[in-house]
Undergrad: 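First, the structure itself, so that you have it in front of you.
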Amino acid sequence: MPRLRGVVAEFDPNLPLEWLETLKHFSQQTIVLDRVMGTLAALFAGLATVLAAVGLFGVLSFTTAQRSTELGLRGALGASPDGLKRMVLIHAFRLGAIGGVAGLVLALLIGRAAAGLLYGISPWNVEAMLSAAAFLLVVIVVSGWLPARRAARVQPVQALRYE
């Protein structure tokens, strides 16, 4: 910067040079707010995913506990533990599919509204949507597995005595 000031002073000593900075420094300062907003959005998305997983786990645990008599009766009538697991997991997938479809519709609508804010990417990025769907599928399987395992271990006699 001092050399630049000297060169400019040779041509016109009255030319004021204030706030000189490199293009790299200037560009970093102009996108710092965008980076902070992106980081906050990613943190809130992660928090929302954790809350959704905890909520799904809670709903599945509650409904499995409410259905303990039914599961015990099914076990007494000959349903296998694997069949009971499958039934609870299918229920989890149904809940996940309903939430996934609603989330996809909202993502498409919000993507259209936010298209002007996105730089260099499309609001309908198929790879991002597929990776989010795969991640949420993992969340559904994990949050449905424990209640399904608990349902498979229901002893028919205990479940029928519970009522």
Side-chain angles (χ1 to χ4, degrees), residues 24-163:
K24 181 178 180 181
H25 185 262
F26 178 75
S27 65
Q28 286 176 344
Q29 285 186 342
T30 58
I31 63 171
V32 73
L33 183 62
D34 293 334
R35 286 184 186 220
V36 168
M37 294 301 286
T39 303
L40 284 174
L43 288 174
F44 285 133
L47 180 63
T49 303
V50 169
L51 287 174
V54 169
L56 183 62
F57 174 74
V59 166
L60 288 174
S61 293
F62 180 74
T63 57
T64 303
Q66 292 292 316
R67 294 172 65 187
S68 63
T69 303
E70 174 198 349
L71 296 172
L73 187 60
R74 286 179 184 265
L77 292 175
S80 69
D82 288 338
L84 295 175
K85 281 183 195 176
R86 189 175 20 242
M87 186 174 69
V88 173
L89 282 174
I90 286 173
H91 180 67
F93 285 122
R94 281 187 190 138
L95 288 176
I98 291 168
V101 168
L104 181 63
V105 168
L106 284 173
L108 291 173
L109 291 175
I110 292 172
R112 175 180 284 194
L117 301 173
L118 301 174
Y119 176 74
I121 60 171
S122 167
W124 299 279
N125 191 343
V126 177
E127 293 87 13
M129 288 188 186
L130 287 178
S131 64
F135 180 72
L136 290 177
L137 181 66
V138 169
V139 167
I140 290 167
V141 168
V142 169
S143 61
W145 181 253
L146 291 174
R149 206 174 74 190
R150 193 176 317 132
R153 291 191 302 209
V154 168
Q155 295 296 323
V157 174
Q158 290 176 346
L160 294 174
R161 278 189 197 162
Y162 180 71
E163 289 293 321

Undergrad: Do V88 and R150 have side chains that approach each other closer than 4.5 Å (heavy atoms only, starting at C-beta)?
TA: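 With C-beta onward as the side chain, the pair stays apart.
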Undergrad: Of all heavy-atom pairs between A152 and P81, which one has the smallest distance, and what is that distance?
TA: CB-O, 3.4 Å
Undergrad: Determine whether L146 and R149 make a side-chain contact, defined as any pair of heavy atoms from C-beta on separated by less than 4.5 Å.
TA: yes
Undergrad: Would you say H91 and L95 make side-chain contact, with heavy atoms under 4.5 Å?
TA: yes
Undergrad: What's the shortest heavy-atom distance between T64 and A151, and which atoms?
TA: CG2-CB, 3.8 Å
Undergrad: Using 0.5 Å steps for rounding, measure from the OG1 atom of T30 to the CZ atom of R35.
TA: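 Going from the OG1 atom of T30 to the CZ atom of R35 covers 9.5 Å.
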Undergrad: Which heavy atom in F57 sits nearest to a heavy atom in S143, and how many Å separate them?
TA: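 Nearest pair, atom of F57 first, then S143: CD1-O, 3.4 Å.
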Undergrad: Of all heavy-atom pairs between L89 and V141, which one has the smallest distance, and what is that distance?
TA: CD2-O, 4.4 Å
Undergrad: Using every non-hydrogen atom in the two residues, find where L60 and G144 come nearest and quote the distance to one decimal.
TA: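 Of all heavy-atom pairs spanning L60 and G144, the closest is CD1-CA, 3.6 Å.
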Undergrad: First locate atom CG of L71, then atom CZ of R153, and finally report the distance between them rounded to the nearest 0.5 Å.
TA: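 So the CG of L71 and the CZ of R153 are separated by 13.0 Å.
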Undergrad: I need the S68 OG to L73 CG distance, nearest 0.5 Å.
TA: 11.0 Å
Undergrad: Give me the atom names and distance for the closest heavy-atom approach of L137 to F93.
TA: CD1-CE2, 3.5 Å
Undergrad: Would you confirm whether S61, through its side chain, and G58, through its main-chain N or O, come within 3.5 Å as a donor-acceptor pair?
TA: no
